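First listed ligand is number 1; within each ligand, the first listed atom is number 1. Everything quoted here is computed from the prediction, not taken from an experiment. The figures here come from the full heavy-atom set of this structure, side chains too, leaving out hydrogens, waters and symmetry mates.
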Amino acid sequence: MREIITRFAPSPTGYLHIGGLRTALFNYLFARSNGGKFLLRIEDTDLARNSIEATEAIIKAFEWVGMDYDGEVLYQSKRFDLYKNYIHKLISEDKAYYCYMSKEELDNLREAQKARGETPKYDNRYRDFKGTPPKDIKPVVRIKAPLEGYIEFNDGVKGSIKVEVKELDDFIIARSDGSPTYNFVVTIDDALSKVSDIIRGDDHLSNTPKQIIVYKALGFDIPNFYHVPMILNPQGQKLSKRDGAMGVMDYKKEGYLPEAILNFLVRLGWSHKDQEIFSMEEMLKLFNPKDLNSSPSSYNQEKFLWLNTHYIKEKSNDALENLLEEFQCPKIQKSQRNVLYTALKDRVSTLKDFAANAIDILTPPCSYDEKSLSKINEQSYETLKKFLSMLEKSFLDTPEKCNECLHKFMDQESLKPGNFMQPLRIALLGKPGGIGIAETIYVIGKEDTIKRIEKFCKA
Ligand code: GLU
């Protein structure tokens, strides 16, 4: 059986966005689930538009989500000599040729074709040229594309694709400065790396016939192609920054877990029955590119957050504590921490929110919500003061005991929970909402609880 070798081949012109990561994930899953290889190639031939930072960010993002690749990262910018050898090979085999057409000549040709209502296209004038080349023109190299027939291939997502060669021309494989062109280098790299299956965005579909021409000219095996539709926003348009098309590492800063990102992405364009939650293990077991969807998928932020909540809940408290360090969440005693984390796990959908909520609870309020204050009367302050003496003589060493203390006090004073808990919450946290009051008291501790109530009553 043939070995499955896939690759991810980003152009480092910007940060790795989630659409790119999805492509990488599909390739990764296909290779890994078949015991094959997954390669990383940086397509950095466009020296003016590439940045080292973007390349580093891609590699960092891979590390963060835990997708490992085989071997060294391959950089196209380091392989120019190799590409040139293949260009010369094709010239020497009469499968490619120098074209001396100047830019003006090409422009004139195009204008004339357009005026006749034809699609602009190179007219093969140097294809079999044997004369003396014009002086002062640095030639480009063009490949001899077939003159008739079709380029056909079976796309794993789109089905059978058939392009009439009339629609293609003898396209350029080396520019006049000798630099090789995109479709040429992609083909050489994929062929030399023995890539068996290429899963990529369908924005590359129109490149494939050209690449097949190169494969054939060089006698390389043609891989299987899968062109995956784009991710769209809920309005059906191309995903923009506003919809969440951020760099992968921005999601880290926003408090997303890699498990949630990968799970979210795998479902954008792939499905298995109506299952939504996939661990990496399950993805590896179930992923098959045959199940890739041929219609575009839609980015659903709510679902993303729902998944993130799920994976936050799955984390052990020790693991969460480490993750929350990045969000400046202070470390507290383990028993208090466990109560706080259990309470927050049900309420937040990102680590950033988690930390913000924890910090809110652990930091004494420096102001009190105006609207809530307006509802607190003299009687409430008196009640809170009375509660202080109950607190003083209570043991508050478990959340249950905190709860008992609260209820004992309310019974003793014949208070309705609503009338007492709300002012108490404002005294402790400065605002309404949040985790249970008994848990809050346990987490902040007896001493701090007393201090916060005293401060509130004096304010
Ligand atoms: N470098 C291309 C891109 O970033 C990908 C090329 C390919 O997958 O064949 O879109």
Side-chain angles (χ1 to χ4, degrees), residues 4-31 36-62 67 69-70 73-80 83 86 151 153 155-158 161 163 171 173 179-215 218 220-231 238-239 245-248 265 268-269 289 292 296:
I4 304 288
I5 302 181
T6 65
R7 54 39 164 203
F8 178 53
S11 310
T13 48
Y15 293 111
L16 177 62
H17 55 88
I18 53 154
L21 186 62
R22 181 188 66 155
T23 304
L25 175 65
F26 288 158
N27 282 290
Y28 173 85
L29 292 175
F30 190 33
K37 288 200 183 91
F38 171 64
L39 312 174
L40 179 59
R41 176 172 82 227
I42 304 291
E43 305 214 312
D44 55 351
T45 49
D46 188 347
L47 300 174
R49 290 179 62 223
N50 294 315
S51 82
I52 308 237
E53 292 78 34
T55 303
E56 281 169 356
I58 291 167
I59 293 171
K60 240 201 216 147
F62 265 62
M67 268 174 12
Y69 42 85
D70 290 285
V73 182
L74 195 136
Y75 293 89
Q76 286 187 329
S77 59
K78 296 189 183 149
R79 291 162 64 89
F80 274 73
Y83 304 135
Y86 280 97
I151 302 289
F153 65 99
D155 189 277
V157 177
K158 310 256 172 200
I161 306 275
V163 179
F171 56 91
I173 57 171
S179 62
T181 56
Y182 174 74
N183 283 311
F184 188 68
V185 299
V186 168
T187 309
I188 304 286
D189 288 335
D190 284 332
L192 296 185
S193 309
K194 302 206 169 359
V195 170
S196 62
D197 294 81
I198 294 177
I199 306 175
R200 62 186 172 198
D202 65 2
D203 47 334
H204 287 284
L205 187 61
S206 61
N207 289 325
T208 308
K210 291 184 180 178
Q211 293 174 11
I212 289 177
I213 290 174
V214 180
Y215 278 106
L218 287 166
F220 290 137
D221 287 343
I222 299 171
N224 298 318
F225 294 99
Y226 307 82
H227 288 94
V228 198
M230 302 276 104
I231 304 171
K238 198 170 172 261
L239 204 60
M246 307 184 283
V248 170
L265 290 178
L268 292 177
L292 287 169

Please tabulate, for the side chains in residues 5-15, all donor-acceptor contacts under 3.5 angstrom to protein atoms that are two or more places apart in sequence or on a different chain.
unit_1	atom_1	unit_2	atom_2	d
Thr6	OG1	Asn27	O	2.8
Arg7	NE	Asp190	OD1	2.9
Arg7	NH2	Asp190	OD2	2.9

Does Tyr182 have a non-hydrogen atom less than 4.0 Å from ligand 1?
yes
Residues in salt bridge (charged side-chain N to carboxylate O under 4.0 Å, His left out) with Asp197, at least two apart?
Arg2
Ser11: numbered ligand 1 atoms lying under 4.0 Å from its heavy atoms
1 (N), 2 (C), 3 (C), 4 (O)
In ligand 1, the atoms that come under 4.0 Å of a heavy atom of Glu43 are 1 (N), 2 (C), 5 (C), 6 (C)
Who's the nearest protein heavy-atom neighbour of atom 10 (O) of ligand 1, and how far?
His204 NE2, 2.8 Å
Among all protein non-hydrogen atoms, which one is nearest to atom 5 (C) of ligand 1, and what is the separation to 0.1 Å?
Ala9 O, 3.2 Å
How about Asp221: does its CG atom have over 12 heavy atoms from other parts shown lying under 6.0 Å from it?
no
Aromatic plane relationship, Phe225 with His227 - under 30° parallel, 30 to 60° tilted, over 60° perpendicular
parallel
Part of Arg7 within contact of ligand 1 (heavy atoms, under 4.0 Å):
side chain
Given that the side chain starts at C-beta and the backbone is N, CA, C, O, which of these parts of Pro10 lies under 4.0 Å from ligand 1, counting heavy atoms, or is it both or neither?
backbone
Do ligand 1 and Arg41 have nitrogen or oxygen atoms that lie under 3.5 Å from each other?
no
How about Phe38 and Tyr69: are their ring centroids closer than 6.0 Å?
no
Just checking, is any N or O donor in the side chain of Asn183 or Gln211 under 3.5 Å from an acceptor N or O on the other one?
yes
